[in-house]
Amino acid sequence: MEAELRDKPSFTNLRLQLKPGDSVIAEADAMAYMSSTIRMNTKWNGGVIQSLLKRFLGGESMFVNQFSTDKGGELVITQPYPGDMTCLELKGNSMYLQPGAFVACEPGVKLGVGWAGLRMLIGGEGLFRLKVSGHGRVWFGAYGGIFEREISDEYIVDTGHLVAYEPSIGVKVGMAGGIFSSFFSGEGLVTRVKGPGRIYLQSRSFDGLAAWTNAHL
Amino acid sequence: MPALHQTADQQGVFVTQKFSGGVFHADLSDGRAGVEIELLHSHLCASTADGDAFVIPYEECQLEIGGYTGKMLFCRNADRSVTLFSEDKQFPKALALAAGGRLDDQLASQLSKAKGESRRGAIFSFGLVAATLIVLVSLYFGIRAGANRVTQSLPVSLDRELGKAAYQAMPKEGSEITDPLVTEPIQSIVDRLADHAKVEGMDFELHVIDSATVNAYCLPGGTMVVYTGLISAAESPGQLAAVISHEMAHATLRHGLSRISQTLGLTAAVSLLIGDTAGIMAAAEEFFTAASINSYSRQQETEADLEGVRMLHAAAIDPSGMPSLFELLKEEHGELPEALVWVSTHPDHASRIEETQNMIDSLPAKPYKPIDLDWEALKSRVAGDSTKKADVSNSSNESSADSTVDPSELEQENGS
Ligand SMILES: [Zn+2]
C-alpha cells in the first residue's frame, strides 16, 4: 500500500493506493472519496465498552471503517479540522494519541483506549486517550501544524498542545511560574514532559480557537 | 503486554526470563522498536522483531524509573547509546535478582524517588481539581446573578413583544368580554395602579375573559388577563385590586424574563449577556404557552405580594385587600380545588398573610380613596354575562362553588 500525505500542512489529507488484498482502518467518517473497487465495512472499534468510552470520552467515533479491496484502488482520507497529519511506523512499540487525533492505520496496528488520568484532564488533554501498538503505519493529525521532538530531558508544553507521546514519556502538570504569575499571564498551567522518547505537538490548541472565537462573537 | 515469566527451576538452573518492552537506539530506523528483553547470566539482551539485538552488561546498567505511568524501568549502557525499557511489573525485581545484587542500590533510590514524585503529583492534581471546581461553581452562580441583572437592563419592549406573542399563542378559556360595564371598572383599577408601576414605558393592556376559572395573570410587558371567575370569587373591589396589583407586579418586576433565563439555564444567560435575544424569544414563547405563566418561584411570589402592596398604597387603594384575599383563599381552598387556579399556583397563605400584613403595618398612614366602581353591578353583570354558569348568583362563594368547569381543561391550564 502506497501512502501519500497531500496538501500539507493546512488541509492535509491522506491518499492511499491500495494493492489487491490490502486493507486499512480509518475513523468512521474520515473517508473523502474512494474507488468503487474498495469495500467498506463498519465495525466496532474494539470491545463494546471500549467503544463507548471512546465515543463519549475519547473523542473518537464508536465505529471504525475497514477498507479492503480485491482489485486495488484509491482511497482519500481527511480529518475534520484543518491541520497537518503525520505518519508513524510502529515496530512493536506503542504511542499514545490524544482524543480525536487518530486518522487511520494498517491492520497490524492494535487500537486500545485507556484512562489518561487526572493530570491529562487538568492538562487540557482529555480523560481518555488512544494507545496504538503493534506493527504497521499509523496516521494521525492535529489542529494546525504538527512538530515532533525527540526529548531526553524535561520539556515544558503549553496545555492543549500535546498530540501524541510515547509511553516512555513522563508527564506532569504544573504551574508555569508562581501561582499569581501563572493565573494572570494566561500561561497558567503547563505540561512538563520528560524523556526519553518522542512527543508530537500541535501548533495551535482548540482552547486557543475557542478563546479566539468567543472574543470575536 | 504478554510477558513470558519463567523463574529459576528447582535445581537452581537459571532459565531465561523474557519481558516485553522497547529500545531506543540511533541505528534503528525511527530510532526505536518494540523488544523482548531477556535477563541472561551477565547481561540484558533485547531483540526486535526484525532480528536486531542489543546487549547491556549488568555492571554497566544505569537505571531510571519514569515514563507515563511512573513505573517504567529504563536501563542504559555506559555511553547511554542504548536505552532498554519495560513496564512489566515483575521486571525490576527480576532484574535485581538476575544482576545478583549489583543493581539493588540504584533500584532502591530510584523507587523511592518515583514514590515521592507520584505523591506530589497526586496532591497537586487533587488541589487543582478542587480549585477548578470552586471556580466553576462560583462562575456558574456569577453568570446566573449576572443574567438577572442583564434581564433588568434589557429594554421593556422585549417584554412587550414576548407577552404579545405569548398571548396570541395561549389557549383562551373563554371569549373576551368587550362589555364596557365589565371592562371599564377593571380598567380603572389597572390605570390607577399603572401610574405607580416601577418600570417606565409598560403599557398595561387589559383582557377580560369569560370563564369560571378563578384566575388572573399579567404577561411580560403588561398584557393583563382577568377571568370573570375571579370577579365572582372576590368579596370586595379591594381584593380584586389586590390580585391585579400582584399580577402587575410580576410584570413590572420582570419576573417572566428572569424565570426564562433561569429555566433555560446557562445558555440563555450567556446569550443574554452577549445580547442575542432572538433565541430567547423563541424559547420564551414556548415557555409561556406551556401554561406555566403563573408558576413563579416562591421568592418571586413574595416580591410580587410586597410590590403589589406598595403599588396599592401608592395608588391610595387600601392594601388590606391583599391579606384579606389570602384569608378568603385559605378558607375556600378546600372547597374549590379545581377552579382556584390562582390559589394552586400561589400556595402557603398563612405566611403571605403575615408578610403582607407586616408590610402594610410598616407603611405610613395615608387616606385611602375608595375604588370608584359599582361592585354589585359589576358582579351581577359578570354573572349575567357568563355563559358557562347555569346558576346565576350574586354570592361570590356560591357562584364559584356552583361553577361547572371541566377539570381536565383546568389541569392543562394549571399544568406547571
Ligand atoms: Zn404570582
Side-chain angles (χ1 to χ4, degrees), chain A residues 87-96 108 110 112 114-125 129 131 133-137 148 150-154 159 162 164-175 179 182-183 188-189 191-199 214-217, chain B residues 1-2 20-26 28-36 46-52 64-76 80 82-87 113-114 117-118 120-133 135 270-271 273-276:
Chain A
C87 175
L88 167 75
E89 179 144 23
L90 295 175
K91 294 193 193 86
N93 52 319
S94 341
M95 182 73 75
Y96 289 124
K110 277 186 294 189
W115 162 254
L118 214 48
R119 64 191 133 148
M120 292 317 265
L121 180 70
I122 295 167
E125 318 281 358
R129 50 156 189 220
K131 183 180 185 179
S133 55
H135 293 266
R137 283 175 287 181
E148 60 173 83
E150 199 75 52
I151 58 172
S152 55
D153 233 324
E154 203 172 70
T159 55
L162 197 58
Y165 49 96
E166 284 186 286
S168 62
I169 296 284
V171 179
K172 279 192 289 187
V173 176
M175 303 280 189
I179 287 192
S182 292
F183 275 111
L189 291 169
T191 307
R192 288 169 197 276
V193 290
K194 190 171 180 296
R198 186 188 291 157
I199 57 175
N214 284 340
H216 288 77
L217 274 175
Chain B
M1 258 179 239
S20 71
V23 62
F24 291 116
H25 189 265
L28 287 164
S29 77
D30 207 31
R32 71 230 320 108
V35 291
E36 291 261 283
S47 32
T48 70
D50 294 345
D52 292 312
E64 198 183 323
I65 290 175
Y68 186 81
T69 56
K71 285 171 183 150
M72 184 177 274
L73 181 60
F74 295 92
C75 182
R76 295 185 174 94
R80 297 175 76 88
V82 178
T83 303
L84 300 179
F85 57 90
S86 172
E87 214 161 14
K113 199 176 137 204
E117 267 179 23
S118 85
R120 272 194 299 280
I123 291 168
F124 180 80
S125 297
F126 179 79
L128 211 63
V129 166
T132 309
L133 280 178
V135 169
V270 170
S271 55
L273 281 171
I274 62 172
D276 167 29

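Since we're looking at a predicted model, the values are computed, not measured. Keep in mind that the numbers below use all heavy atoms, side chains included, and drop hydrogens, waters and symmetry copies. A, B, ... follow the sequence lines: proteins, then strands. Residue 1 opens every chain.
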Q) By a 4.5 Å heavy-atom criterion (distance strictly below it), what part of B:Ala33 contacts chain A: side chain, backbone, both, or neither? A) both
Q: Name the option with the most non-hydrogen atom pairs under 4.5 Å to chain A; the candidates are B:Met72, B:Arg80, B:Arg120.
A: B:Met72
Q. Which one, B:Gly66, B:Ser29, B:Ala49, leads in non-hydrogen pairs under 4.5 Å with chain A?
A. B:Ser29
Q) Under the side-chain contact (heavy atoms from CB on, under 4.5 Å) criterion, do A:Met95 and A:Leu88 qualify, and how do the steps go? A) CA-CA 9 Å; A:Met95 182 73 75; A:Leu88 167 75; 3.8 Å; yes
Q. Between A:Ser133, A:Pro196, A:Gly92, which has the largest tally of heavy atom pairs under 4.5 Å with chain B?
A. A:Pro196
(Q) Within the 4.5 Å heavy-atom criterion, are B:Ile65 and B:Lys113 side-chain neighbours or not? (A) no
Q | Pairwise side-chain contact, A:Tyr165 with A:Ile199, heavy-atom cut-off 4.5 Å (strictly under) | A | yes
(Q) Checking the side chain of B:Ser86 only, and the main-chain atoms of B:Ser20 only, is there a donor and an acceptor separated by less than 3.5 Å? (A) yes
